[in-house]
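What follows is a short report on a single structure.
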Amino acid sequence: MIATICPALAQTQRPSLADSFRLGSGGGVLCQVQSNDHDSAIRGMFDRSWTLVCRDAVRPVGKFYALRGPDAASRLAEIRKGDAACDDAPKGSNIEGLGLVSTMQCRMTNAGVGYRVYAHQKGHILWVAEGLAGYDSALKLGLRTIIADRIVTGQVSVATTSVEDPVAFSRVQAGTLDPDQALAEGYKRNTSGNYAEAAEFFGTLQQRADPSSRDAERYGEYLVNRALQQSNLGEFAQADALFAEANRIPTADRVQSRLRRNFEALHLLNQRRYDEAMARIDQPVIPVGSASQMANGLLEISPELAGELNTGVPVGERMGMTDSLALTPRERSIFLDVQALQIRGTLLRLTGKASESRAILDRAGNDVLAVRDGRVISVVRLRSQILAEAALSLEALGDNAAAEAKMRESLSLLEARYPQTIAVNGARARLAAMLARHGKSADAMAEYRIVVKNAADNRSATTGLGNLLSPYFSLLADRIPGNPSLVDDMFLASQTLVRPGVADTQAILARELSEGSGEATRLFRQARSLERDIERRRIDLANLLAVPEKSSGLSTAIAAVRSEIATLENDQVATQAKLSDYPQYRAISGSVLTLPELRASLKPGEAYFKLSVVGQSVFALYADQAGATGYKVPLSPDQLDAAVNGIRDTISKDEGGQLNTYPFDVVLARQLYTDLLGPVNARIAAVHHLVFEPDGAMLRLPLNLLIASQPGVDAYLARSATPDADQFDFRGIDWLGRTHSISTAVSARAFRDARNTPASNAQREYLGFGRNAPVSSAVRVSSTRSLSGGGPSCLWPASEWNKPVSDAELKEAQAAVGVGQSAIVTGADFSDTSVMSRTDLAEYRILHFATHGLVTAPRPECPARPALLTSFGTAGSDGLLSFREIYDLRINADLVILSACDTAGKASVAATREAGVATGGGSALDGLVRAFIGAGGRSVLASHWPAPDEFKATERLISGLFKATNGQSVGDALADAQRALMDDPATSHPFYWSGFAVVGDGAQAMLSRR
């Protein structure tokens, strides 16, 4: 038992005596060879088999054998037929230390990628290494190691350049051809609280499945799981549509009927529709039926169970494990009924029936322990949730001491099984919030610090924990005036608050990176594999530490596991250090900065201003070279949303399909400045470049249009009260953007990365795209698939392509830069397929897309997939350059200009979560912008609302950028162009000049050559 969890000891043993041993040294891919005594090729006690596991792949990539007997080669060949086709005759090849070795070149039957077999007869033993051809160096090194029976040094590399189909090879590496494994990973991420990643796994499975096949019920399981993840992320319209699609699939399966009941009830609970949730829980489900009986100590399979086995029980029913035994459908049904009790108890507590809630939860706790004497590991989180709900019920009844004890029990149970996971952080945050409510501030802050430290150290997030963390921010804000050092704690905590939409975007882009090719992809998969191994070893350590009877053997095992965890963590640090060189990883990384690190990145005359929406409160943090402070904003998120809506309604309001502009609400803009920036007004006046990291409703509003002083407001109001006054003349207003260059940051780390990234060494200055070719109304086009993978419900109308943006600004920019240093692509040449196929994108410092940005979805129930509208190209073109496709581009641009319609502005509430928004509308800040940064862009210029054509405002603004003086920064060049429009009475309304935001580092040079 102990030996199976101590592979760290194996490195000092002969490989033949170890359960596993590490393969490879001197950098490169990290691989391990693991003994496999259950391989079907083993016939006798002297036969050996191993699997090759490398950390850049989520499934084994090779096998090794030491077999005896004259039929060894033939039985391996028979087994191999299920994985690979080997049509060519064996040939000889030389392997260092072995000499001539028989070699066969094969292909995997289900993926079409290379598969290689090496065989070496030595005495009575046939030594074999076989696996993916891309891991040829590992196969050779492993074969040499097992034959020599000692660790042979050498570096493992993945030979992707020799792979015929890199895409297919990458999918095999990423494990995407194995639905069972993907489903398991989806459940695992859900259990640990990674809802965005879980949604991506279930979504991928759903897209690959065939709902009309015999696996229709499995398809239904994918749907309801994805629906619940979308609900957890706040995408309620999409969840409704997914549940409706699942319910159209008939089921007579007791597990599936309970999954649908529970998940739909949780979805309603997420929306606070408590009565409807209770009604859904009360709806009947298929009876559990009779249990399989034991006769003479043997399992008797009932006709009901036999039918389920013969028809292929969904893999999700085998996810709960204890003592290496899978849960039966009956047991899983019982646990789902326990979950229904827990949901009922929660609903009773939330509707003021604490006594009834406690009784129901006690029953749920007893029922969950009745199955296999409570030894089922997979329901630990359910047990923890029941205990936490019981604690809240006790608190509602006034028994605070008992409530705290129950909440600590909930945390301890989860911590023992899933140490340092998001789920544990959630449980600890619930305890901390309870302690804060009970006036135990010091204890609460201590628990909160552990939550934040774990999230920061593990590069995870506290997504969905805003309400629980809000007391921590309030405690810090109250104490910062007397203890300024606490602002460091507030800053660190604020960076772990990742909005659900950002988490969703990061999960999608992470999946894209994982399935790609190249060194960044290899390192990313290796980092993910190390992350899983570290989590597993932490669980092993927790289990060992929980053993009541101590012994010398146990102490040795504990020391070995701790040593292995340390080794894995060192490998992870080294891997992430290498990954940080790649913009694709930096765009999705959850790494954080300390406040001193942020302040060190600021130049004289610069400041960083960050907003954080935490539960029902808003907090602000200000930092410059002189110091930092944090405070609570005197607005709730709803009040902030109302203020932003009020201002935006005077800028660009959609009324019956017509965009109208009204006299700007200067009073509201001045008040919002006071609410947000009033406490640091004097410090802001002393800086020139302000970096703003928005949150909540301020994602939809540029900071530059807030009003920094009152006199100009008073003068405007007095002037407007006179007869025949021009209410659209806003000259004389002290806009924040008049005196400050303003950059927008998606995160502090992203800003620091943009600042530290060397300037582009591209040889040409400017490449512009725009004026797409219109299409016929008969063309069917879509930006996203429907929820089942296709269909008319999510199609974009052809009319979207029939209002191309003028290319005048592209020509102005080209004229300013010079024809020899620039190029323009318009009309039919500007298609998604042509952009993706270009090999010269990295040769330009500035990329400019003058086209419409589709950041909404055609319908609220459709998934939003931000994209830039293009012409239609060759086969496979959909007339859209999606944010996934943008992320896979290879660019080397100091600046990407998106002078498109609403590329950073408000879209539908339900459809723009992926673009980085939690509630109250959206922005493409973390969709299109993050994708361009991941592709290799340093900064992005994007618009908050439809770019105006009147008075040639946008054309003047963009052309003004390209009039930058030698060495002038992007931010200063933009501010100069904006001031020119501010000072023109026709364009002094913020609609004309304030919509564009520099996302990244606005202090970088606009043009490299003049």
Side-chain angles (χ1 to χ4, degrees), residues 583-584 587 754 757-772 805 807-827 829-853 866-871 873 880-901 903-904 924 927-943 947 954 957-959 961-962 964 970 973-974 996-1002 1004-1009:
Q584 279 190 302
T757 302
S760 171
N761 58 2
Q763 297 302 303
R764 304 187 70 185
E765 194 74 10
Y766 174 86
L767 177 60
F769 297 94
R771 190 171 54 77
N772 68 279
V805 174
D807 59 2
E809 64 191 67
L810 300 179
K811 294 177 179 177
E812 289 271 357
Q814 185 179 42
V817 171
V819 175
Q821 283 292 318
S822 62
I824 292 178
V825 181
T826 60
D829 292 334
F830 170 42
S831 69
D832 53 333
T833 50
S834 66
V835 172
M836 289 186 289
S837 64
R838 291 185 72 115
T839 59
D840 65 344
L841 292 177
E843 297 176 11
Y844 293 89
R845 279 193 66 250
I846 300 173
L847 299 180
H848 185 175
F849 293 84
T851 186
H852 296 291
L868 294 177
L869 186 146
T870 70
S871 302
L880 293 168
L881 191 63
S882 75
F883 82 122
R884 281 189 171 193
E885 293 166 340
I886 292 168
Y887 181 71
D888 286 334
L889 298 176
R890 294 295 177 266
I891 66 177
N892 184 21
D894 282 333
L895 182 65
V896 178
I897 301 173
L898 306 179
S899 57
C901 170
T903 48
L928 294 175
V929 171
R930 189 177 290 271
F932 271 113
I933 291 173
R938 276 71 164 174
S939 296
V940 179
L941 184 69
S943 59
T954 299
L957 195 70
I958 298 299
S959 63
L961 266 178
F962 288 90
V970 175
L974 177 63
F996 282 93
V998 179
V999 185
D1001 182 10
Q1004 65 183 351
M1006 175 64 201
L1007 296 174
S1008 64
R1009 305 172 180 85

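In this structure, the side chains of Phe962 and Ile846 come closer than 4.5 Å at one or more pairs of heavy atoms. Side-chain contact between Leu941 and Leu961 is present, with at least one heavy-atom pair separated by less than 4.5 Å. Put simply, the side chain of Met836 reaches to within 4.5 Å of the side chain of Leu881, judged on heavy atoms. Side-chain contact between His852 and Val805 is present, with at least one heavy-atom pair separated by less than 4.5 Å. Taking the side chain as every heavy atom from C-beta outward, Asn772 and Thr870 never approach each other to under 4.5 Å. No side-chain heavy atom of Ser760 sits less than 4.5 Å from a side-chain heavy atom of Tyr844.
Put simply, CD1 on Ile886 and CZ on Arg930 are 14.0 Å apart, with the number rounded to the nearest 0.5 Å. Separation of atoms CD1 (Ile897) and CG (Leu767) is listed at 11.5 Å; rounding is to 0.5 Å. Rounded to the nearest 0.5 Å, atoms CD (Glu765) and CD (Gln814) are 12.5 Å apart. Put simply, CZ on Arg890 and CG on Leu841 are 11.0 Å apart, with the number rounded to the nearest 0.5 Å. The CG atom of Leu957 sits 6.0 Å away from the CZ atom of Phe996 when rounded to the nearest 0.5 Å. Here the straight-line distance linking atom CG of Leu928 with atom CD1 of Ile933 works out to 11.0 Å at 0.5 Å rounding.
Checked against salt bridge (charged side-chain N to carboxylate O under 4.0 Å, His left out), Asp894 has the following partners two or more places apart in sequence or in another chain: Arg845, Arg938. Every salt bridge (charged side-chain N to carboxylate O under 4.0 Å, His left out) that Asp840 has, sequence neighbours left out, goes to Arg838.
Across all non-hydrogen atoms, the minimal contact from Ala973 to Ala964 is CB-CB, 3.8 Å. In terms of heavy atoms, Leu880 sits closest to Ala867 at CB-CB, 4.0 Å. Residues Arg764 and Gly820 approach most closely at NH2-O, 3.8 Å, considering heavy atoms. In plain terms, the two heavy atoms of Ala587 and Gly934 that are nearest each other are CB-CA, 3.5 Å. When all heavy atoms of Gly818 and Ser822 are compared, the pair lying nearest together is O-OG, 2.8 Å. When every heavy atom of Gln1004 is checked against every heavy atom of Ser939, the shortest pair comes out as NE2-OG, 2.9 Å.
Distance alone, capped at 3.5 Å, is enough to place a donor-acceptor pair between the Gln584 side chain and the Tyr887 backbone. Under the 3.5 Å distance criterion, the side-chain polar atoms of Ser871 are matched with a main-chain donor or acceptor of Gly827.
Residue pairs meeting the salt bridge (charged side-chain N to carboxylate O under 4.0 Å, His left out) criterion with at least one partner in residues 810-823, sequence neighbours excluded, are Asp807-Lys811.
Between Phe769 and Phe849, the two ring planes are parallel [angle under 30°; tilted spans 30° to 60°].
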task = Evaluate side chain to side chain contact (heavy atoms under 4.5 Å, CB included) for Phe932 paired with Leu898, printing each intermediate quantity in order.
result = CA-CA 10 Å; Phe932 271 113; Leu898 306 179; 3.6 Å; yes

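Applying the side-chain contact (heavy atoms from CB on, under 4.5 Å) test between Arg771 and each of Val825, Thr826, Thr851 identifies Thr826 as the sole match.
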